[in-house]
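In what follows, a single structure is set out as structure tokens and then discussed.
Whatever order the structure lists ligands and atoms in, that order sets their numbers, starting from 1. All residue numbers in this chain count up from 1 along the given sequence.
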Amino acid sequence: MNNQELLSIAEAHGSTLYVYDASKIKSQYQRLSTAFSSIKQLKVNYAMKALSNVSILTYLKSLGSGLDTVSLQEVQLGLHAGFPPERIIFTPNGVSMDEIEAVVAIGAQINIDNLATLEEFGNRHPEVPVCIRINPHVMAGGNSNISVGHIDSKFGISIHQIPHTLRIVKNTGMNINGVHMHTGSDILDIEVFLHAAEILFDIAKHFDALEFIDFGSGFKVPYKSGDIETDIEELGEKLSVRFHAFCKEYGRELALAFEPGKFLVSEAGYFITPVNGIKQTTSTVFAQVDSGFNHLIRPMLYGSYHEIENLSKPEGKKRFYSVVGYICETDTFGNNRQIAEISEGDYLVFKNAGAYCFSMASNYNSRFRPAEVLWHEGTAHVIRSQENFEDLLQNQTLLDFDKKAIEA
Ligand SMILES: *Cc1c(COP(=O)(O)O)cnc(C)c1O
């Protein structure tokens with residue numbers, strides 16, 4: 001979508017909001033499908049924790065996507081959006097057996113990443129097919145907070161625990177129908193990914209009733225011009241060749257699954273917020289926006305970079321700004337950014353605001369979470385209204401201590 005379309009949506013709405021461009025989600029989905037078009041059974045399971053609005057889910061469903069979920073509530077949102085249980089995979093980490101049982105009852109695919117859980121589950125439900133999440137101990141780039149394949153990560157069953165895994169499977173008589181890995185959030189180097197894939201193929205050979213191999217995600221998207229992004233086309237070419245060879249060796253055609261979050265929705269998202277004021281100090285010019293890390297926490301949480309532009313006056317002379325929020329705590333969106341000259345009331349737009357932005361929003365400082373708009377074929381659909389004061393009070397109990405004091 002272009003800046004004029006974004007600005008008119010912002011002005012019509014008048015306050016901070018998220019806008020998602022459906023056509024970008026679609027083109028990313030198609031790019032992935034095309035890169036793997038030689039795979040007969042390609043399963044794209046959207047990792048909905050990235051952006052979980054139910055209309056985003058129905059849109060992805062219309063494109064042919066399944067869902068990757070990490071909580072019972074995500075599974076339930078998926079059902080609400082009309083996904084059949086068999087198109088939902090549940091990949092939890094550290095959840096209770098009760099929660100896993102609830103998802104089993106729904107009929108979604110279970111993915112287990114802990115040997116103790118695997119054994120308990122196998123004893124309870126030897127007949128329920130289970131996928132196992134492997135940790136191949138490969139660093140796929142990024143820092144240790146977002147690369148989940150390394151040795152001390154809490155995710156996955158270590159490749160060094162395969163003998164133990166096989167004993168559990170044999171003793172319980174359970175049915176392993178998939179093997180899975182999700183190495184981390186930033187695949188910079190395709191060779192590293194292919195290396196992890198080889199490890200997964202090796203493990204897959206131990207199971208004779210597989211239906212799919214799930215390569216997770218971690219596709220990197222560009223955040224600014226010149227950024228490295230995962231070369232999906234190259235990955236498609238190289239991994240497909242290896243996958244076909246593996247299936248031949250295995251003796252059966254398997255499904256190949258991915259579960260991208262960021263890749264599908266990051267670039268489709270725009271976060272737009274008005275400027276409340278400009279504050280000049282002795283060292284810095286602050287642009288103070290009508291938002292904070294309550295709406296978009298990634299810069300403060302991970303040091304993530306979101307490109308920021310002046311949507312209202314893109315042609316102005318560039319000046320340096322630190323863009324900050326209204327939260328009573330440090331909440332910097334970007335330091336010393338060159339942005340076209342900003343005045344009070346201008347709208348700023350933050351790019352790459354589709355993934356892990358709204359879904360991480362909170363009510364901190366008792367602020368409302370903002371509205372979400374889906375731009376689809378030239379129409380702006382409000383897919384979530386801004387919260388109101390009743391929403392803040394919901395589920396709270398007002399105890400009146402003054403009254404109690406009088407009675408006592
Ligand atoms: C978060 C997550 C994903 C999605 O990761 P992205 O980097 O957003 O693509 C995929 N699989 C699992 C198991 C996840 O937890």
Quiz item: For I228, does the CD1 atom have more than 12 heavy-atom neighbours from other residues, nucleotides or ligands under 6.0 Å away?
Solution: no
Has ligand 1 got any nitrogen or oxygen that is less than 3.5 angstrom from a nitrogen or oxygen of [X]?
X    : answer
G216 : no
K49  : yes
S217 : yes

Quiz item: Would Q109 and N177 count as having a side-chain donor-acceptor pair, cut-off 3.5 Å?
Solution: yes
Quiz item: Hey, are N310 and D346 close enough side-chain-wise for a donor-acceptor pair under 3.5 Å?
Solution: yes
Just which atoms of ligand 1 are under 4.0 Å from any heavy atom in [X]?
X    : answer
T91  : 13 (C)
P260 : 9 (O)
K262 : 6 (P), 8 (O), 9 (O)
A47  : 3 (C), 4 (C), 10 (C)

Quiz item: Relative to ligand 1, is Y356 under 4.0 angstrom through side chain, backbone, both or neither, heavy atoms considered?
Solution: side chain
Quiz item: Looking at Y18, is R384 sitting on its ring face, NZ or CZ under 6.0 Å from the six-membered ring centre and within 45 degrees of the normal?
Solution: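 So R384 doesn't make the cation-pi contact.
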Quiz item: Can the positive tip of R367 be found less than 6.0 Å from the middle of the six-membered ring of Y326, inside 45° of the ring normal?
Solution: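 Yes - R367 lies over the ring of Y326, closer than 6.0 Å to its centre and within 45° of its axis.
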Practice problem: Would you sort out whether K224 and E307 count as a salt bridge (Lys or Arg N to Asp or Glu O under 4.0 Å), showing the intermediate values? | Solution: CA-CA 7 Å; K224 48 177 179 286; E307 200 141 294; over 6 Å; no
Practice problem: Measure up the H376 and Y59 rings against each other and bin them: parallel (under 30°), tilted (30 to 60°), perpendicular (over 60°). | Solution: perpendicular
Quiz item: Is there a heavy atom in F155 that sits closer than 4.0 Å to ligand 1?
Solution: no
Quiz item: Has A50 got any heavy atom lying under 4.0 angstrom from an atom of ligand 1?
Solution: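 Contact check A50 vs ligand 1: negative.
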